Amino acid sequence: MEREAPRERRIPRGFAFAFLLALGMLLALSGAAPAALEVSTYAGTAQVAGSANGARSTALFYRPGGIAIDVYGNQYVADQWNHVIRKISPAGIVSTLAGTVGVTGSADGVGGAALFNSPADVAIDPSGRLFVADTGNSTIRVIAKSGMVTTLAGSAGSTGHVDAHGAAARFFHPSGIAVSETGGVPTVYVADRLNHVIRKINESGDVTTIVGAPGYYGSLDGVGKNAHFKMPSDLVVDASGPGPVIYVTDTGNHTVRRVWFNVVTWVWSTATIAGKTGTAGSDDGSPGRFNAPWGIALDGSDALYVGDYENNTIRKITRIKLGGGTVHLVSTVAGAAPLAGSTDGPAAAARFVHPWTVAVHPAGTVYVGDYENHTIRRIAEPPTFTQFVGPDRYETAILISKKAYPGTVTNVFLVKGDDFPDALAAAPLAAAYDGPVILTPSGGLTPAVKAELTRLNPGKVFFIGLSDSLKPAILQAVPGVKIETIRGIDRYDTATRLADALVAKAGTPARIVLVAGDKFPDALSVAPLAGNKGWPILLTPQAGSLPNVTRDKIVSLGVTKALRVGTYVDLPTGVAVVSKVGTDRYHTSALVAAYGDSQTLSYAHLAVATGENYPDALVVGPYLAKDGGILLLTHPTSLPTPIRTELTVNRDWVKHVDFPGLPAGMIATVKGVLK
């Protein structure tokens, strides 16, 4: 990450015109919030203070402050005026992690035995420990993974400024906290608000002041104590470079400051990167204007998000490299200064009341502690949606083919759309050859199928379980095309032949996938994962013995790992098995999706199809495999609980959703869950 000096940077004369032109264009574009962003109330009820736990829509908060998000998507909230730390699970369940509602104090202990006094901020380290700026107590607290709360530094009720170890140190209303880890050793940074300084706490509990002059406020940039702040409220650490970089909301100065450690000179320096000292405002651009900026967070692309408290807006600071320097460009992400309210909707039309803090989910979603609304708000770009609904299954498959392959292709996989067990195992081979799966009636090609084959103009068509009687029609649609037939004596034998073709193309697989050949939905659920990884799908009856042809193929492949979906049929000795068997096809689909997510598939591209109309899900498997996407199956008239949960838990990651053949009512339901 770039290390800037606090002095003004000069732009070489030769770059001056281009620099000013580019800067002017950026400033002109900086004023409007991105139209695609939507604001929604994630938890709590606007203008209703309370402490109720439960589902997000029924839970209540009382002036929520800082938010920390762990790697699992759990959110931790400093619920200030309730004097507790709350937790929101990825499934949307709010609970009280530590503290007793309405009771102030400084007791250490577990759960309700621990007491806080207006905790303002929280931060989490990679091990899962939660650090708390216990503002009213002027202490720094720690919540271990076990739930035990202890005091790391400071002494409750004793304010001041003392750099010392643990309880001997003194703070004066610390309001912001951040943690970074280098080499497994965490370092805690604190915005010590009324001391007007930034502090550091090492793993041993030793507190030191790194920048600012204790008890003196001002706006000077500089080194160490020569730099002055005025009520710094929050901070975030970027530890990606050779030395830590801290971004601070200097609330009393209406600015955002940059504090960095020089690994050569071993000094901490401070520079103002956005806002104008002592001048409140809401201007976008560079340097921009703020009005009591409070919370600050850093996203994965080095952009900063700021809770602009008195402007009732959420702002963004983007670093733009121009010529020989860097411009920090301020834009308004959501809200309209100074208008207050609780409106959800498009970002520019949304309203907040004193947004206190911001946090960025690893997927890029921004969460806001909307202080006076007593809610947690969510700012995200809604997923895009594509519906693949043709007049029949054959034309639905063609729509998917056109989406995935807008141009010509080398290979096409043609399968029976009216008797398709042979095609259940075809997805990995189609993915390996990067070709679409096209459905056709057993008795011949429809005009639409012929037209699609002509458009794709493949060099080869794979016949999966089809009769050779269709070959003349294929040659008529694509003259000179090569045709390769893969067909066994039954679906189990066909699957082994498909496995041989996959090995010939991609080499020996890392594992095989075993699914019930008489329980079609399970094979469909696993197709994107198997296709993406190049794992052959072998079939077995749901109950009874493993077919000899399947057993022989597992042995001949020499694989030692297997994924078993929807069946408990025993595999040959020496094969380590991971089983995903749900209570029904939908539960199994959710289990397979979660497993795929752990195997580097991504919810960024999701497809939702019915578990009752198999052809639609059949053709989407290779398409998703190509993009590393995930398939979920649903009942056509109601969303099964496991699927709803999977959607809810992963909704921050979802960027695009395909609906192959899904009824309109279910499409609306899925969109509602992802909203």
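What you are looking at is a predicted structure, and each value in this text was computed from that prediction instead of being measured.
- At a threshold of 4.5 Å between non-hydrogen side-chain atoms, the residues Val179 and Val237 do not count as touching.
- Of all heavy-atom pairs spanning Pro232 and Ile198, the tightest one is CB-CD1, 4.1 Å.
- Taking NZ of Lys316 as the reference point, atom OG of Ser331 lies at 6.0 Å (rounded to 0.5 Å).
- Not one N or O on the side chain of Asp308 forms a donor-acceptor pair closer than 3.5 Å with the backbone of Phe290.
- Residues Ala227 and Thr270 approach most closely at CB-OG1, 3.6 Å, considering heavy atoms.
- Between Asp284 and Arg315 there is a salt bridge, since a side-chain N of the basic residue sits under 4.0 Å from a carboxylate O of the acidic one.
- Remark: the Thr209 side chain and the Arg199 side chain contain an N/O donor-acceptor pair separated by less than 3.5 Å.
- Judged by distance alone, the side chain of His328 and the main-chain N or O of Ile317 form no donor-acceptor pair under 3.5 Å.
- The salt bridge (charged side-chain N to carboxylate O under 4.0 Å, His left out) analysis of residues 124-143, with sequence neighbours excluded, yields the pairs Asp108-Arg141, Asp125-Arg129, Arg129-Glu203, Asp134-Arg141.
- Ion pairing between a basic and an acidic side chain is recognised when a charged N comes within 4.0 Å of a carboxylate O; Asp344 and Arg351 show no such pairing.
- Residues passing the side chain to side chain contact (heavy atoms under 4.5 Å, CB included) test with Val673, sequence neighbours excluded: Leu639, Arg644, Leu647, Thr648.
- Ser138 has its side chain within reach of Pro174: a pair of non-hydrogen atoms, C-beta onward, lies under 4.5 Å apart.
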Could you walk me through whether Leu130 and Leu97 pass the side chain to side chain contact (heavy atoms under 4.5 Å, CB included) test, one step at a time? CA-CA 11 Å; Leu130 198 65; Leu97 177 67; 4.0 Å; yes
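- Side-chain contact between Leu37 and Val333: present, with at least one pair of heavy atoms (C-beta onward) separated by less than 4.5 Å.
- Between Trp81 and His374, the distance from one ring center to the other does not fall under 6.0 angstrom.
- Counting only distance, with no hydrogens or angles, the side chain of Thr249 and the backbone of Asp234 share a donor-acceptor pair below 3.5 Å.
- When every heavy atom of Ile143 is checked against every heavy atom of Ala98, the shortest pair comes out as CD1-CB, 4.0 Å.
- We find the CZ-CG distance between Arg289 and Asn311 to be 12.0 Å, quoted to the nearest 0.5 Å.
- With Asp70 contributing its side chain and Tyr72 its backbone, the two residues share a donor-acceptor pair below 3.5 Å.
- Under the side chain to side chain contact (heavy atoms under 4.5 Å, CB included) criterion, Asp627 pairs with His605, not counting sequence neighbours.
- For Thr343 (side chain) and Ala350 (main-chain N/O), no donor-acceptor pair under 3.5 Å exists by modelled atom type.
- Donor-acceptor pairing under 3.5 Å is recorded for the side chains of Thr384 and His656.
- Taking the side chain as every heavy atom from C-beta outward, Leu194 and Met231 approach each other to under 4.5 Å.
- A donor-acceptor pair under 3.5 Å is formed between the side chain of Ser602 and the backbone N or O of Ala604.
- One N or O on the side chain of Asn195 and one on the backbone of Gly160 form a donor-acceptor pair closer than 3.5 Å.
- With values rounded to the nearest 0.5 angstrom, Thr100 atom OG1 is found 11.0 Å from His83 atom NE2.
- For an aromatic pair to be called close, the ring centres must be under 6.0 Å apart, and His354 with Tyr371 fails this.
- In this structure, Thr357 contributes its side chain and Gly65 its backbone to a donor-acceptor pair below 3.5 Å.
- Contact of the Tyr247 side chain with the Leu235 side chain is not registered, since no non-hydrogen atoms from C-beta on lie closer than 4.5 Å.
- Checking Asp238 against Ser240 by side-chain atom types alone, a donor-acceptor pair falls below 3.5 Å.
- From Leu329, atom CG reaches atom OG of Ser286 across 6.5 Å, with rounding to the nearest 0.5 Å.
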Side-chain polar contacts of residues 271-279 - donor-acceptor pairs under 3.5 angstrom, sequence neighbours left out - could you list them?
residue: Thr272; atom: OG1; partner: Asp221; partner atom: OD1; Å: 3.1
residue: Thr272; atom: OG1; partner: Asp221; partner atom: OD2; Å: 3.3
residue: Thr272; atom: OG1; partner: Arg257; partner atom: NE; Å: 3.1

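- With ring centers used as reference points, Phe659 lies under 6.0 Å from Phe385.
- Residues Arg63 and Asp79 are not paired through a salt bridge, judged by the lack of any N-O separation under 4.0 Å between the basic side chain and the carboxylate.
- Inspection of the Thr159 and His173 side chains reveals no N or O donor paired with an N or O acceptor under 3.5 Å.
- The main-chain N or O of Gly50 is found under 3.5 Å from a side-chain atom of Asn82 such that the two form a donor-acceptor pair.
- Side-chain contact check for Val245 versus Arg258: some heavy-atom pair is nearer than 4.5 Å.
- Taking CG from Leu115 and OG1 from Thr104, the interatomic distance works out to 7.5 Å, rounded to the nearest 0.5 Å.
- Residue Val353 comes nearest to Ala340 through the heavy atom pair CG2-CB, 4.0 Å, listed as atom of the first residue, atom of the second, then distance.
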Please evaluate residues Leu606 and Trp653 with respect to the criterion side chain to side chain contact (heavy atoms under 4.5 Å, CB included), reporting the C-alpha separation (whole Å), side-chain torsions for both, the decisive distance (0.1 Å), and the verdict. CA-CA 10 Å; Leu606 174 67; Trp653 298 101; over 6 Å; no
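- In plain terms, the two heavy atoms of Ile140 and Phe171 that are nearest each other are CG1-CZ, 4.0 Å.
- Surrounding NZ of Lys675 are at most 12 heavy atoms belonging to other residues, nucleotides or ligands under 6.0 Å away.
- Scanning for ring pair (Phe, Tyr, Trp, His ring centres under 6.0 Å) contacts around Tyr76 gives an empty result, with sequence neighbours left out.
- With no hydrogens or angles considered, a side-chain donor-acceptor pair links Asp299 and Ser301 at under 3.5 Å.
- A ring-ring contact (aromatic ring centres under 6.0 Å, His included) with His196 is found for exactly one of Tyr217, Tyr216, Phe229, namely Tyr217.
- A side chain to side chain contact (heavy atoms under 4.5 Å, CB included) with Trp294 is found for one member of Val358, Thr251, Val306 and no other, namely Thr251.
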Applying side chain to side chain contact (heavy atoms under 4.5 Å, CB included) to Asn74 and Lys87, what does each step give before you reach the verdict? CA-CA 7 Å; Asn74 295 295; Lys87 178 181 177 180; 3.5 Å; yes
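- The two residues Asp250 and Gly218 make their nearest non-hydrogen contact at OD2-O, 4.4 Å.
- Looking at Val236 and Leu304, their side chains come closer than 4.5 Å, going by heavy atoms from C-beta outward.
- Among pairs with a residue in residues 646-655, those fulfilling salt bridge (charged side-chain N to carboxylate O under 4.0 Å, His left out) read Arg378-Asp652, at least two apart in sequence or across chains.
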For Ile210 and Tyr189, run side chain to side chain contact (heavy atoms under 4.5 Å, CB included): C-alpha distance rounded to whole Å, both residues' side-chain angles, the deciding distance at 0.1 Å, then the answer. CA-CA 9 Å; Ile210 59 174; Tyr189 297 92; 4.2 Å; yes
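- Under the 3.5 Å distance criterion, with hydrogens and angles disregarded, a donor-acceptor pair is assigned to the side chains of Arg86 and Asn53.
- Side-chain contact between Leu152 and Phe131 is present, with at least one heavy-atom pair separated by less than 4.5 Å.
- Judged purely by atom type and a 3.5 angstrom limit, Asn312 uses its side chain to pair as donor or acceptor with the backbone of Pro338.
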